[in-house]
Amino acid sequence: MANSAAAVFAGKSVAAPVIKEIITKGLSYLEGYFSTETVEGMKSKLQRGMPKIQAVLNVVSVDQIQIKSRSSDLDAWFWQLRDAVEEAEDAIDELEYYELEERAKDDRVSDWGSPFAKMKHKVVKSVKHVGVLDKTVKQLTHHGTIKRLKKAMEGLDRVAEDITGILAVTEYLKGATSINRNQLQNDLMSNDRETGSMLATTKFVGRESEKSRIVEWLTKNVPVDQTEIMLSVNYVPIFSIVGHGGMGKTTLAQSICQHDEVVKNFKIIWITVSNIFNAESVTRKILESATGDEPSAKHLDTLQKDRKEKLENAKFLLVLDDVWEDGKRSEWEKLFTPLRSGKSGSKILLTTRMTSVADIAANVMGVGRDCLMLTELSEDENIELFHHHAFSGVNLQDYMHLKLIGEKIARKLGGCPLVTKVASAHLQGNMTIEYWNSFLCKGLEHFKGTEDDIMNILKLSYNYLPTELQVCFRYCSLFHEDYRFDRKKIVQMWMGSGIISQAESDTLTLEDIGELFLAQLTRKSFFDIKCITYDGRKDREYYVMHDLMHELARSVSSGECTRMSDPATVKDLQDTVRHLSIPGIHKFSVEEIKKISKFKNLRSIIIDAYSVIHKDKLSALQKIVESSKSLWLFYSGLTTTFYFSSKFGRLKHLRYIYISNISPKGICSIINLYHLMVLYCGSFFLRETKQIRCLGNLYRLRHVNVLGEFPVIRLEAIQELSNYQLYRMEGNKMSSIRNLHCLRKLHVRGLENIENQEEAINAKLNEKCHLSSLSLQWSTSTDARNKADETVLHHLEPHPNIRELRISGYKGCSAPFWIEELTVINLTSLALDKCSNWEQLPSLVGLLFLKLLLLDDLPKLQQIGEQSPMPSSNDIKLILPPSLETLDIKKCLELQELTLLPPSLVSFKIEEVNWTKLPRILNLCGEGNGTRLSQLRSVMITKCPCLTSLEGSFFEQKQYMGALYSLDIRRCLQLESVPIPFEEMNELTYLRIVDCPRLRASREAGEMFLSSSLKCLTAEVFSRSLTSIELNGCENLSSLGGLGSLPSLLALEIRRCGKLTEVGSSRTPHPSGGEEVCPVDFDSKTSLRICWLKIDVPSLLLVELIKSFCHTEHLRIDDASEMESLLADRWLLQNRQSLEELFIMRVGSLELLPPNMRDISFLRCLHLYDATQLRSLPHLPSCLHDLKLSGVGQLNSLPDLPNSLKKLDLSGANQLRSLPDLPSCLEELELSDVGQLNSFPDLPSSLRKICIWNCDSDLEKKFAKLRSSERNKISHILRVRIGTSIHSPSQLVALFNGVNFTALALLKKFTYCLLVAVKSIRPLI
């Protein structure tokens, strides 16, 4: 094999406990079919051979077996072992399948059979259960499976017999001295890597001098030695960071990209190049990073032009991360040619492992090579990094005896950050001095720090992993680098692929085992855990692999796991592959897809593509799947609908199905997959009970998202029921879940249909110890008090282990005893909503772990806990949980004011609450000492009609304002006093204050706050980190003052500010022609770089500060009804190098657009609404992609449209008689109310969608007529809609653009049947 060691590693993936379990099961099945002597003989042989197998598994590791003279035999033996084990496992699996199938038949007859069918079934069962006859029947029906099982068990016996020669090698390895073993290790040493510009590491150590040098090079224009610069008219300087893998090149570049001076001076464009290098793909990535949109151009020339236009006036920093290509000069030239026209001062930062890459990049650009060789961290820096990872989460004082030896290890590691991180995480798993000494003296004896050494150190850490963790790690090589692993998803895929076994634990579920494995791999630094943040708060966690870890995973999984991105590689792949991932199947031809059938032992097929493929390719893929008899997992991201045949239902081993769309026939096949554990088939509702009721017989189903009414009473392994609907007469009952003890998540709807308390008791919620999330929902048809609800809720007491609880629509007035007494002590989330009669909650301070409390639409809720009406300062006690992070109270009009909030609070939201003042935050450390770090990140106060002042609230506790990220106050009509300490809000990013008409100056800020009486807005009171401001209803505001001093401001919205509008209207607009426009300094450091500007009237563009904007990217004007021309021609021109989107609503009187519109060189999107007076269009910008004009009743012609246009939408163009030649890149064309249009020009081949509404009736007929000239013009378009009515089958065919004649025939047949059906029911209507 091509990579013997890796193949052996893959072959050695079966742990000894799993083998023993398979042997035990296999022998027990064989006892039912063969004589006792035969089975006992086989058992005796296997018992003698198992210790030998165990000996090899214990001793051999990949670094000890890749000895060329011996590896092939060992390689073959391991794969022989694996084949035998899997063959036995599959045979046992089939026998278990037949048992489940038999049970399902019994249950189907019992549930839905007629009396005669039940009697017949009972007689057959009684006859079959006669011992000899039953055995004979099984031998006949299961003969093939039994034969394969016996053969597999004999194969295991042969593997054990063949072990003699192998044992000689393992005994030699086992008895070798440390020196010999290390010598053996020395003998061994003979895709896309996506990253981002955000710094990901938790500890950035050292590299300060390197960072300073590069930042200075970037910002101070330090010249490269002139003797090194080659002659070049235009060039972009390049700085290369060179170092081998794991040295921290990417981390250093990320740190530089976050430096304030770099952010201020450059538009940062970050792309990961990796080892797949071609000008088209890299150019596409650059455009996507620069614009935020995926470019749709398909040709390099178009991409280059787009990039040149986009970057020629921008001062950019282009980061090319992880570059490998040191040849292909022509590709480099294609890449760099458009960049040479970039704005003066632009730079390129490149990271690579090879100086040859730095050489060719500099040579092609025509600049001298300026690079930094990234060497190891200093000893002190490496020791610091080692200590950070090795002793994180523990008290260093308890491990001082390890500190000295840890320093020795850190020095020995040589200063490679990744190796230090991995080695220290590995050592943290065994904090004993003996283990650390062994690692120092043996594991690192010959470590010298080369790139091979680094990979071998990573392999060394891998070798120490238990077999079950190794298998899970290897499986992750199926995904692209920098893939964001979702914990739930990857664990379920491990389960579905069969690489997690219940044999690992008798007490933990498969999900628990998988999550434990993932946590162990993360703790050992094989994964990094990251978070997606929202409003400054952690929202969702995900896991990623470092590129070297992914490289390691690919290396050790060779022959077992393959990610096949290139169809040409099929012939080179080993047929031992068990798990296959195909990221770009749309690139495969039908014949190339068929070649996948060479892999006879596939257990996983992952179609890692989110697109549509042609039906011929889909058919070939379906046949591959249906013929993969050993398949355990099928995952497809394709949006195409799968039409599986009945053969799909014969994949007896299938455990995991993820399909976006599947036909009803496919669902009918799924009901026969009795081993199925995970089923995701898109979010659709199955209405036909016959299709889905048999899902209730998939006894091993654990996760399902299919919506519908299917019985669950027998799904004892189910983990989640997200939409369990109860019915009063027929259908699911609450008591049906009584035996579902594995439930982790349960959402029950229709609780009003519980008939009595016995049904609630029989649900046995208090016995479901694994249930962590529970939602109980009543219908909200009436608000009347219902005592039955109180009785039901009282008896639906969950187990104390419950973590998340939601109660919705409850009509009782009191809390159940288990909330009153806080027996649910482990709650982390409590949500109560639409409980119309609930009056009181107990003090929740006893819920020590509660993080989220949501109270929504509880109109009669009066208080939480026992609160004194007139409490003294000594009486005030905390009634909320001490660890609460999110408090959200809505529509609780009778709720008494809270006095204290816990200092742990991160998010505070109230809406429609009749409080006159806000609470304070409990200061555990003494008022004003500032010893506790601020936690509060988000505050939202909405529709609080009685709130008059924020004085005396947490806003006056300045020590809790430092971390505030978002502040939103809306529609508080009586609010007057707002002492908000903006000077303390160093991280405030989002500010919105709307409809607070009585807001007056605070005691300290004077008139420096937003109110209806506000006259001047001064930015000194705001945080310099503020990125978004909305001014709404500030009627007296007449000046924006020093708003321009907010360097981070990205979004500004102004509405209903009457005085400010008057100021703008009083300014004389610059004429549209004749007067020379003064030049604008686009590099002005005082100008705001506004991304989004939204105003209600166009005159605001003439207000001081706004009229000086010259970096705006998106402009929206909500009401331009009084605008006869674009008032601010000068404003548009001074933003011509940045403006990308222009939306103008209610255009009204506008007759002409300014002739210099084409000078807005980056405008990609132009939308004008209700432009009833618009008569003509000037020449439009050359890079325009999207043009939408509505209500253009006076428009009778269009100019030549820019070639870049991709979408054209005209409505109300009832004077338009013809269209010009359409751009060659146009993809979508929508026309409505175009009654004068009676013909079309030739339509471009790029067009994929055309919709024409209310068009000329003759034109509609031309399109409907087969083989007409107009019909031929649209024959190539995928989606077509012409007209608004269907008069005949031919028109229905035209509607769907039946270019494919097979589809035409089927569609005509369907239309005929539809018409017949309509005629047949007409008498009934």
Side-chain angles (χ1 to χ4, degrees), residues 10-11 13-15 18 21-22 25 82-98 100-101 145 148-149 152 468 471-472 474-479 489-504 510-511 513-514 517 557 559-563 575-582 596-597 599-608 621-622 624-636 642 644 647-659 666 669-681 698-704 717:
S13 66
V14 186
V18 175
E21 182 184 27
I22 289 173
K25 278 188 176 181
R82 180 164 182 171
D83 288 342
V85 169
E86 289 184 355
E87 184 66 30
E89 185 179 27
D90 285 350
I92 293 170
D93 209 50
E94 282 191 30
L95 293 173
E96 291 178 348
Y97 174 90
Y98 294 134
L100 293 170
E101 183 181 43
T145 306
R148 286 202 313 276
L149 176 58
E468 57 273 15
V471 177
C472 292
R474 293 200 301 271
Y475 191 85
C476 294
S477 66
L478 294 169
F479 303 90
K489 182 176 178 180
I490 189 60
V491 167
Q492 289 180 4
M493 294 185 83
W494 285 343
M495 290 164 42
S497 298
I499 62 177
I500 296 179
S501 170
Q502 196 67 57
E504 307 292 346
L510 286 171
E511 289 80 3
I513 295 170
F517 288 175
S557 64
E560 176 192 28
C561 302
T562 293
R563 183 172 172 82
D575 57 9
T576 59
V577 169
R578 262 56 173 183
H579 309 289
L580 177 66
S581 173
I582 309 175
I596 299 173
S597 61
F599 306 115
K600 302 299 183 183
N601 298 306
L602 282 179
R603 291 204 161 198
S604 303
I605 297 178
I606 299 173
I607 309 301
D608 191 13
L621 176 61
Q622 289 178 164
I624 293 294
V625 173
E626 291 171 347
S627 63
S628 299
K629 300 301 183 183
S630 297
L631 196 65
W632 287 46
L633 176 146
F634 178 62
Y635 177 99
S636 170
F642 281 85
F644 285 117
K647 293 180 181 179
F648 188 66
R650 300 172 195 163
L651 299 178
K652 299 182 177 67
H653 310 291
L654 206 56
R655 261 94 168 153
Y656 182 110
I657 299 174
Y658 184 105
I659 305 174
S669 297
I670 287 175
I671 64 176
N672 296 318
L673 303 175
Y674 297 110
H675 277 306
L676 198 64
M677 293 169 26
V678 180
L679 175 59
Y680 294 116
C681 291
L698 300 181
Y699 308 108
R700 297 190 174 180
L701 199 62
R702 305 173 76 89
H703 303 276
V704 60

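The residues of the chain are indexed from 1 along the displayed sequence.
Two residues are said to be in side-chain contact when any heavy atoms from C-beta on lie closer than 4.5 Å; L673 and I657 meet this criterion. Between W494 and V471 the shortest side-chain heavy-atom distance does not fall below 4.5 Å. Contact of the Y98 side chain with the K652 side chain is registered, since non-hydrogen atoms from C-beta on lie closer than 4.5 Å. With a 4.5 Å cut-off on side-chain heavy atoms, I596 and I582 count as touching. Taking the side chain as every heavy atom from C-beta outward, F634 and S628 never approach each other to under 4.5 Å. Counting only heavy atoms from C-beta outward, the side chains of Y680 and K489 never approach each other to under 4.5 Å. I499 has its side chain out of reach of R474: every pair of non-hydrogen atoms, C-beta onward, lies at least 4.5 Å apart. Side chains of L654 and F648 form a contact here, defined as non-hydrogen atoms less than 4.5 Å apart.
Between Y658 and Y635, the ring planes are parallel. Angles under 30° get that label, and only those over 60° would be called perpendicular. The aromatic rings of Y674 and Y699 lie parallel to each other, with less than 30° between the two planes, well short of the 60° mark.
Formation of a donor-acceptor pair under 3.5 Å by the H579 side chain with backbone atoms of L478 is not found in this model. With hydrogens and angles ignored, the 3.5 Å screen pairs no side-chain donor or acceptor of S497 with any backbone N or O of L633.
The line from CG of N601 to CG of D90 is 8.5 Å long, rounded to the nearest 0.5 Å. Here the CG-CG distance, from N672 to L651, works out to 11.0 Å after rounding to the nearest 0.5 Å.
Enclosure of atom NZ in K629 by more than 12 non-hydrogen atoms of other residues, nucleotides or ligands within 6.0 angstrom is indicated.
Partner W632 forms a side-chain contact (heavy atoms from CB on, under 4.5 Å) with one of M495, R578, R655 and no other, that one being R655.
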